[in-house]
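Naming convention: chains lettered A, B, ... in sequence-line order (proteins, then strands); numbering from 1 in each chain.
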Amino acid sequence: MIRLYDSSVGQVVDLVPRDEGRLAVYLCGPTVYDLPHLGHGRHALVWDVARRWWTFSGYDVRFVSNITDLDDKIIERADHDHATEGEIAATYEAAWWSALDALGVVRPDATPHATAYVREMIELIEQLLASGVAYSIDDGIYFDTAAVPDYGRLAGQPLESLRAGARVEVVADKRSPLDFALWKAATFGQPSWAAPFGPGRPGWHTECVVMSLALLGEDFDLHCGGLDLRFPHHENERAQAVALGRPFARHWAHHGWVMAGEEKMSKSLGNYTSLTDLLASHDPRAYRLLVLRSHYRQPIEVSAATLADAERALARLDGLARRFALPTLAGPTAWARAESTAWSPEGEELRAEVAAALDEDLDTPRALAALFEAVGRAHALADAEDDRAEALAEAVGALLAALGLSLRAGAAEVDQESARLVAARDAARTTRNWAAADHYRDELVARGWVVEDGSGGTRLHRA
RNA sequence: GGCGGCGUGGCCGAGUGGUUAGGCAGGGGCCUGCAAAGCCCCGUACUCCGGUUCGAAUCCGGACGCCGCCUCCA
């Protein structure tokens with residue numbers, strides 16, 4: 001049984017799927033108007049880990065995540081760059097997938113684009129108008145938040161208090177500052193679509209309702225995203241579905257921020273680092289490990305120091321892979337399921353420990369602690385020539401792979417000159433010519449290798 | 001103003017009313033020709049003040065500090 005913190009009720013609850021053995025999950029995707037930043041990286045990693053784990057645990061997970069290719073930000077960017085909206089969206093969507101591929105994130109089962117669902121959005125807006133929960137004013141169609149009795153459920157406070165604190169700029173004729181645009185009346189020079197209620201373009205909050213219901217059906221299991229989407233975006237999505245009497249997400253989950261120092265990292269604050277930059281200078285696995293090391297609902301700090309820390313921890317894991325020649329298992333397309341793996345008694349114990357942690361609100365730090373402890377145990381067993389060592393090490397590798405973390409067992413390509421130095425060093429060591437041996441080692445280190453002596457002589461791997 | 005979260009050893013970061021988190025860094029030892037990797041040992045932490053309790057970092061009350069949401073944002 002999966003247990004997960006449900007933001008709509010404020011506690012960890014049993015995640016009982018709509019259809020037994022299946023999970024229908026919707027993750028709010030990015031608006032593609034700029035390079036992804038570190039926060040997007042965490043967003044992708046957290047839910048990739050969850051999805052992989054649930055799949056590993058035997059669920060048939062259907063994972064849908066959209067691309068918002070229709071939005072004010074894209075229009076602004078297009079103006080600024082003298083490009084079309086379509087070009088901007090295509091450019092940054094490509095950057096998005098390339099970053100996610102580098103992170104080893106599995107592609108969603110479906111990736112709906114907002115522009116492909118405009119007709120369905122128009123239909124939804126018509127229904128909302130017909131039901132009397134939407135109204136038309138000069139600049140568009142608005143949703144009447146007062147029409148939904150439990151509006152504010154996701155925000156955790158009633159409509160009145162939200163209204164009291166509203167910082168939204170006042171739009172003339174809006175009935176409440178909380179009312180949001182379903183349809184923005186066409187403006188000259190901006191993309192627009194014909195609709196019975198006048199040409200224009202859909203507001204942001206409508207696309208996800210339409211696409212999630214279209215691809216996952218009513219009453220789907222989980223809707224997730226960053227904490228900043230909890231209100232108003234998710235609240236507004238839910239409001240639209242509820243207003244039409246359509247069962248929406250059964251559960252809601254939100255992950256925490258990436259911090260820049262003491263502040264939330266965000267586009268509007270301008271204090272962000274692009275994910276693309278990080279990936280160019282660090283092992284992408286280090287970011288995944290960093291994400292795994294903290295609980296998904298807590299803030300994390302991604303800095304040169306914390307990444308370096310993670311990279312050293314990663315080296316310990318790769319060290320295990322080297323010693324036991326573990327296969328590289330994860331990767332974007334490698335899926336594993338627990339039942340298809342042969343577990344030794346020690347491995348099974350570890351699997352159960354990891355499962356207990358992850359099934360309780362995705363406690364990845366606890367799971368990782370168990371795995372790191374097992375790393376030490378596997379080494380100790382091997383030192384004692386206990387034949388249970390290998391199976392335990394394999395279990396560690398399999399479980400890390402289940403979380404999307406792949407280990408590297410060896411040096412990829414050893415060039416000819418390095419191979420020559422290795423042979424020379426081994427020869428020198430055989431004749432106990434330590435000065436020569438050390439010289440060759442220095443040469444190898446200078447070529448970027450980490451040199452280790454094993455039973456078979458000099459072994460190399462990349463730092 | 002309303003609502004929510006957080007404050008743990010040098011750093012990162014979990015957690016249960018009493019028993020080892022884990023990683024990184026650091027110290028000592030073993031192994032090694034020397035290293036590297038690995039193993040063993042080591043710090044006895046929990047913002048502060050009260051309270052409940054045989055016993056609290058863990059429960060309750062209060063104080064202080066920090067962060068976030070109520071506008072676009074993963």
Side-chain angles (χ1 to χ4, degrees), chain A residues 7 10 27-31 36-47 71-73 152 154-158 160-169 177-178 180 204 224-233 235 254-259 262-269 272 275 289-290 293-295 297-301 303 305-320 322-323 357 363-384 429 432-435 437-438 441-442 445 449-454 458-459 461:
Chain A
S7 311
L27 169 64
C28 271
T31 300
H37 65 67
L38 298 185
H40 294 106
R42 185 183 197 191
H43 149 105
L45 287 167
V46 162
W47 300 111
D71 178 86
D72 291 358
K73 295 274 176 53
L154 278 170
Q157 48 184 327
E160 302 77 52
S161 73
L162 283 167
R163 189 172 186 155
R167 293 181 275 147
V168 214
E169 57 183 291
L178 296 172
F180 56 93
W204 179 40
C224 41
L227 202 47
D228 44 3
L229 297 187
R230 181 173 176 175
F231 189 92
H233 184 56
E235 187 82 52
H254 297 96
H255 63 269
W257 312 124
V258 169
M259 304 297 285
E262 298 280 284
E263 272 184 328
K264 170 193 173 191
M265 178 177 290
S266 78
K267 290 262 175 116
S268 34
L269 293 172
Y272 62 92
L275 185 54
L289 187 58
L290 206 51
R293 273 193 343 184
S294 60
H295 188 86
R297 288 193 281 119
Q298 295 303 124
I300 58 170
E301 186 174 339
S303 63
T306 58
L307 281 165
D309 191 298
E311 279 174 330
R312 285 189 293 264
L314 205 49
R316 178 163 165 80
L317 299 177
D318 281 340
L320 184 83
R322 278 200 306 283
R323 180 169 191 177
D363 194 341
T364 54
R366 216 172 94 204
L368 227 49
L371 288 163
F372 270 98
E373 201 194 11
V375 169
R377 246 177 323 145
H379 278 302
L381 285 171
D383 286 349
R429 293 189 69 224
R432 307 180 66 83
N433 183 351
W434 308 128
D438 290 350
R441 177 166 62 198
D442 291 344
V445 169
W449 296 104
V450 173
V451 179
E452 288 178 13
D453 292 343
T458 299
R459 292 187 314 185
H461 69 270

**Study point:** Distance, rounded to the nearest Å, where H255(A) contributes NE2 and rC67(B) contributes C1'
**Key:** 16 Å
Check your understanding: Between M265(A) and V375(A), which has a closest nucleotide on RNA chain B that is more 5'?
Key -> V375(A)
**Study point:** Nucleotide nearest S266(A) (side chain, heavy atoms from C-beta), chosen from rA74(B), rG38(B), rC73(B)
**Key:** rC73(B)
Review point. Distance between the C1' atoms of rG15(B) and rG1(B), in whole angstroms?
Key: 35 Å
Exercise for review: Determine yes or no for a side-chain-to-main-chain donor-acceptor pair under 3.5 angstrom, with H379(A) supplying the side chain and G376(A) the backbone.
Suggested key: no
**Study point:** With A367(A) via side chain to side chain contact (heavy atoms under 4.5 Å, CB included) - residues at least two apart
**Key:** V354(A), A357(A), L358(A)
Review point. Base, sugar-phosphate alone, or nothing: which one does A166(A) contact when heavy atoms must sit under 4.0 Å apart?
Key: sugar-phosphate
Review point. What distance, rounded to whole Å, do you find between the two C1' atoms, one in rC34(B) and one in rC24(B)?
Key: 26 Å
Practice item. For nucleotides rG22(B) and rC40(B), find the distance between their P atoms and express it as a whole number of Å. Key: 11 Å
**Study point:** Nearest to side-chain heavy atoms of H37(A), which nucleotide of rC69(B), rA74(B), rA14(B)
**Key:** rA74(B)
Exercise for review: Identify, with sequence neighbours excluded, every residue that meets side chain to side chain contact (heavy atoms under 4.5 Å, CB included) alongside R377(A).
Suggested key: A374(A), L392(A)
Expected rows: protein N/O vs nucleotides 3-5 of chain B N/O, under 3.5 Å:
residue	atom	partner	partner atom	Å
rC3(B)	O4'	Q157(A)	OE1	3.3

Exercise for review: Identify which nucleotide among rG38(B), rG15(B), rA74(B) has an atom closest to any side-chain atom of L229(A), counting heavy atoms from C-beta outward.
Suggested key: rA74(B)
Atom pairs under 3.5 Å: protein N/O with N/O of nucleotides 30-33 of chain B:
residue	atom	partner	partner atom	Å
rG33(B)	O6	R425(A)	NH2	3.4
rG33(B)	O6	R429(A)	NE	3.3
rG33(B)	N1	D438(A)	OD1	2.9
rG33(B)	N2	D438(A)	OD1	3.3
rG33(B)	N2	D438(A)	OD2	2.7

Check your understanding: Rounded to the Å, how far apart are D442(A) CG and rC34(B) P?
Key -> 17 Å
Polar pairs (N or O, both sides) under 3.5 Å between protein and nucleotides 17-24 of chain B?
residue	atom	partner	partner atom	Å
rG23(B)	N2	D309(A)	OD2	3.1
rC24(B)	O4'	D309(A)	OD1	3.4
rC24(B)	O3'	R312(A)	NE	3.1
rC24(B)	O2'	R312(A)	NE	3.0
rC24(B)	O2'	R312(A)	NH2	2.9

Practice item. Could you pull out all residues at least two apart from R297(A) that satisfy salt bridge (charged side-chain N to carboxylate O under 4.0 Å, His left out)? Key: D361(A)
Review point. When the P atoms of rC59(B) and rG27(B) are considered, how many whole Å apart are they?
Key: 37 Å
Check your understanding: Taking CG from L381(A) and P from rC40(B), how many angstroms apart are they, rounded to a whole number?
Key -> 10 Å
Point to revise | Close side-chain approach of V258(A) to H37(A), heavy-atom, < 4.5 Å | key: no
**Study point:** Pairwise side-chain contact, H43(A) with L27(A), heavy-atom cut-off 4.5 Å (strictly under)
**Key:** yes
Review point. Taking only residues two or more places apart in sequence or in another chain, which ones pass side chain to side chain contact (heavy atoms under 4.5 Å, CB included) with E311(A)?
Key: H282(A), D283(A), A286(A)
Review point. Taking atom C1' of rC73(B) as reference, at what distance in whole Å does atom CG of L38(A) sit?
Key: 14 Å
Point to revise | Pair of N/O donor and acceptor under 3.5 Å linking rC73(B) base with K264(A) side chain | key: yes
Check your understanding: Residues in ring-ring contact (aromatic ring centres under 6.0 Å, His included) with H254(A), at least two apart?
Key -> H234(A)
**Study point:** Between C1' of rC66(B) and CH2 of W257(A), the distance in whole Å
**Key:** 16 Å
**Study point:** Touch class at under 4.0 angstrom, heavy-atom based, for G225(A) against every strand present
**Key:** sugar-phosphate
Review point. Between atom CG in D228(A) and atom P in rU71(B), what is the gap in whole Å?
Key: 13 Å
**Study point:** Non-neighbouring partners of F180(A) that pass ring-ring contact (aromatic ring centres under 6.0 Å, His included), sequence neighbours left out
**Key:** F143(A), H205(A)
Protein N or O to nucleotides 41-45 of chain B N or O, pairs below 3.5 Å:
none

Review point. Among rA74(B), rG38(B), rC72(B), which is the nearest nucleotide to the side chain of W204(A)?
Key: rC72(B)
Study note, to complete from the structure: Stems of at least 3 consecutive Watson-Crick or G-U wobble pairs (donor-acceptor distances under 3.5 Å) involving RNA chain B, listed by first number, are B:1-7 with B:64-70, B:10-12 with B:22-24, B:26-30 with B:38-42, B:47-51 with B:59-63
Review point. Can you check the L227(A) CG to rC6(B) C1' distance for me, whole Å?
Key: 13 Å
Exercise for review: Taking all heavy atoms of H295(A) and all of D363(A), pick out the closest pair and write down the distance.
Suggested key: ND1-CA, 4.0 Å
Practice item. For nucleotides rU44(B) and rA21(B), find the distance between their P atoms and express it as a whole number of Å. Key: 12 Å
**Study point:** 5' precedence on RNA chain B between C28(A) and A315(A) (nearest-nucleotide basis)
**Key:** A315(A)
Practice item. Classify the nucleic acid contact of G226(A) as base, sugar-phosphate or nothing, counting any heavy atom under 4.0 Å across all strands shown. Key: sugar-phosphate
Check your understanding: Are any of the side-chain heavy atoms of R322(A) and D318(A) separated by less than 4.5 Å?
Key -> yes
**Study point:** Reported CZ-to-CG distance for the pair F231(A) and L162(A), which is rounded to 0.5 angstrom
**Key:** 4.5 Å
Review point. Taking side chain as C-beta onward, heavy atoms only, is L38(A) less than 4.5 Å from Y272(A)?
Key: no
Exercise for review: Check for a donor-acceptor pair, side chain of E452(A) on one end and backbone N or O of R459(A) on the other, with a separation under 3.5 Å.
Suggested key: no
Practice item. Round to the nearest Å and state the distance from E160(A) atom CD to rC70(B) atom C1'. Key: 14 Å
Point to revise | Pairwise side-chain contact, L368(A) with L289(A), heavy-atom cut-off 4.5 Å (strictly under) | key: yes
Practice item. With sequence neighbours left out, write down each residue that passes side chain to side chain contact (heavy atoms under 4.5 Å, CB included) with N433(A), or none if nothing qualifies. Key: A428(A), T431(A), A435(A), A436(A)
Check your understanding: Looking for any heavy atom pair under 4.0 Å, which part of the strands does V450(A) touch: base, sugar-phosphate only, or nothing?
Key -> sugar-phosphate
Review point. Is G256(A) touching bases, backbone alone, or none of the nucleic acid, heavy atoms closer than 4.0 Å?
Key: base
Review point. Less than 4.5 Å apart, any side-chain heavy atom of S294(A) and any of R42(A)?
Key: yes
Review point. Contact class for P232(A) vs. all strands (heavy atom < 4.0 Å): base, sugar-phosphate, or nothing?
Key: sugar-phosphate
Revision key, fill the gap. Taking rA74(B), rC12(B), rU71(B) as options, the one with an atom nearest any side-chain atom of V258(A) is rA74(B)
**Study point:** Contact under 4.0 Å: H40(A) side-chain N or O vs rA74(B) OP1/OP2
**Key:** yes
Review point. Got a donor-acceptor contact below 3.5 angstrom from the R230(A) side chain to the L154(A) backbone?
Key: yes
